[in-house]
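Both ligands and their constituent atoms are indexed starting at 1 by order of listing. FYI, the numbering just counts along the sequence from 1.
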Amino acid sequence: MTKALDGIRIIDFTHVQAGPACTQLLAWYGADVIKVERPGSGDVTRSQLRDIPDVDALYFTQLNSNKRSLTLDTKKPAGKKILEELVRTSDVMVENFGPGALDRMGFSWERIQELNPRMILASVKGFSDGHAYEDLKVYENVAQCAGGAASTTGFWDGPPTVTGAALGDSNTGMHLAIGILTALRMRDITGRGQKVSCAMQDAVLNLCRVKLRDQLRLDRTGFLEEYPQYPHGKFGDAVPRGGNAGGGGQPGWVLKCKGWQTDPNAYIYFTIQGQNWANTCKAIDRPEWIDDPAYNTATARQDKIFDIFGYIETWLENRTKFEAVDVLRKYDVPCAPVMSMKEIENDPSLRASGSIVEVEHKARGKYLTVGSPIKFSELTVEITGSPLLGEHSDQVLASLGYDSQQIAQLHAEKVV
Ligand code: CAO
């Protein structure tokens with residue numbers, strides 16, 4: 001079957017999470033992704049947080065499925081030469097080294113263009129070119145703090161808080177993938193490659209745009225009516241942390257369900273959708289609130305929103321989160337159980353949709369990993385296991401014209 005990105009060859013010069021997440025996505029959709037790794041050790045995530053001695057860690061396997069692995073010491077002249085040959089014969093190079101590392105290796109954008117004017121060079125850095133912090137090395141949580149996520153996440157009486165979702169890493173990788181596809185499309189038109197970059201700070205900020213919206217509203221009015229601080233608390237001059245408040249005009253909160261005393265995830269997220277007020281009242285057995293002027297408009301509810309949530313928690317006392325959602329769904333209340341990772345691991349719907357899949361790995365056997373969150377009517381996405389370190393080195397070298405003697409020599413000199 002034809003895959004969307006068949007015929008596109010990508011040099012995957014990435015490591016850790018941001019870059020590998022990007023190239024994994026493109027590999028799922030059919031690109032030939034050759035992961036270039038340092039001989040002997042490879043991507044640092046192969047050995048980080050291992051659950052089985054001497055076997056590639058799940059950190060690596062979750063981010064590198066559907067790829068081939070080539071080991072190459074790109075600081076040795078013979079390794080540089082091989083990388084040059086790859087640049088000449090590939091479409092895209094993706095990298096997320098620290099600032100300046102690629103230039104120091106001898107592969108500046110100018111040099112890459114000389115080698116292959118059709119090449120697209122895609123980079124992730126912590127901060128954008130010319131930014132006051134452009135020289136900084138950056139990991140996930142650093143980006144969440146720099147991009148506005150941490151200062152707006154958590155509870156008002158606690159410190160800035162990072163989230164478990166990889167807003168800095170995988171999210172930047174997803175942004176970069178869009179950039180690469182855009183550049184490939186432009187190359188169809190112009191015949192030229194280009195440099196595409198995405199800064200982690202910018203990718204986080206792009207997801208925090210409603211918080212910038214709130215800052216502008218706060219600057220003008222001095223308050224934000226959908227935040228728990230309104231109307232009883234005080235606002236400072238920056239957007240405060242809003243706990244679990246809904247980010248739009250529909251108030252919501254995380255509410256305790258049956259068993260919360262012992263189960264840390266016995267909660268649902270409950271949204272009071274203004275246009276669904278009558279149904280919501282019926283769902284929670286409070287029909288008298290439907291027409292009561294003290295409750296029947298969003299403005300009237302504002303100063304007692306936590307009393308309303310408190311009442312709903314009493315309604316939830318004898319219902320598990322799943323039972324509660326089964327009642328509320330009949331009344332069109334936007335809600336969901338708070339899913340633990342254990343529940344996600346075993347969720348039949350996620351398995352059925354292919355959003356979680358089991359794949360085979362040569363050393364660890366079967367393992368669970370995420371599948372494509374994007375579904376296509378004309379493309380079947382097949383997820384395969386991640387490659388062993390250097391598993392495809394000889395195959396890639398042979399495709400570049402090296403014979404078995406030359407390949408053996410490269411191994412002996414520890415170039416591959
Ligand atoms: N052969 C020889 N050398 C290689 C090589 C290879 N195959 N692959 C990498 N290297 C070398 C690089 O040339 C570089 O060497 P120099 O520093 O001597 O020029 C070095 O290995 C890699 O440096 P680095 O700065 O990328 O690595 P680090 O572990 O010190 O930093 C990180 C890691 C992630 C902080 C940094 O790469 C970074 O800031 N990247 C950009 C932002 C980013 O993507 N962060 C997200 C990571 S996911 O959490």
Once you restrict both partners to nitrogen or oxygen, which atoms of ligand 1 have a protein partner under 3.5 Å, and how far apart are they?
| unit_1 | atom_1 | unit_2 | atom_2 | d |
| --- | --- | --- | --- | --- |
| ligand 1 | 1 (N) | Thr74 | N | 3.1 |
| ligand 1 | 1 (N) | Thr74 | OG1 | 3.2 |
| ligand 1 | 7 (N) | Leu72 | O | 2.8 |
| ligand 1 | 10 (N) | Arg38 | NH2 | 3.3 |
| ligand 1 | 15 (O) | Lys75 | NZ | 3.0 |
| ligand 1 | 17 (O) | Arg104 | NH2 | 3.2 |
| ligand 1 | 18 (O) | Lys75 | NZ | 2.8 |
| ligand 1 | 19 (O) | Arg104 | NE | 2.8 |
| ligand 1 | 19 (O) | Arg104 | NH2 | 3.2 |
| ligand 1 | 21 (O) | Arg38 | NH2 | 2.6 |
| ligand 1 | 25 (O) | Gly98 | N | 3.4 |
| ligand 1 | 25 (O) | Lys137 | NZ | 3.2 |
| ligand 1 | 26 (O) | Gly98 | N | 2.8 |
| ligand 1 | 30 (O) | Lys137 | NZ | 2.5 |
| ligand 1 | 37 (O) | His15 | NE2 | 3.0 |
| ligand 1 | 37 (O) | Asn96 | O | 3.3 |
| ligand 1 | 37 (O) | Gly98 | N | 3.1 |
| ligand 1 | 39 (O) | Val138 | N | 3.1 |
| ligand 1 | 40 (N) | Asn96 | O | 2.9 |
| ligand 1 | 40 (N) | Phe97 | O | 3.4 |
| ligand 1 | 44 (O) | Asn96 | ND2 | 3.0 |
| ligand 1 | 45 (N) | Val138 | O | 2.7 |
| ligand 1 | 49 (O) | Asp169 | OD1 | 3.0 |
| ligand 1 | 49 (O) | Asp169 | OD2 | 2.8 |

Quiz prompt | Aromatic plane relationship, His361 with Tyr367 - under 30° parallel, 30 to 60° tilted, over 60° perpendicular | solution = perpendicular
Quiz item: Do the rings of Phe306 and Phe309 sit parallel, tilted or perpendicular, given the 30° and 60° boundaries?
Solution: perpendicular
Quiz item: With side chains defined as the heavy atoms from C-beta onward, is the minimum distance between Thr71 and Leu389 less than 4.5 Å?
Solution: yes
Practice problem: Just jot down the salt bridge (charged side-chain N to carboxylate O under 4.0 Å, His left out) partners of Lys330, sequence neighbours excluded, or say none. | Solution: none
Quiz prompt | Pairs where residues 155-196 contributes a residue and the test ring-ring contact (aromatic ring centres under 6.0 Å, His included) is met, not counting sequence neighbours | solution = none
Quiz item: Can you name the residues that form a side chain to side chain contact (heavy atoms under 4.5 Å, CB included) with Asp326, not counting sequence neighbours?
Solution: Arg329
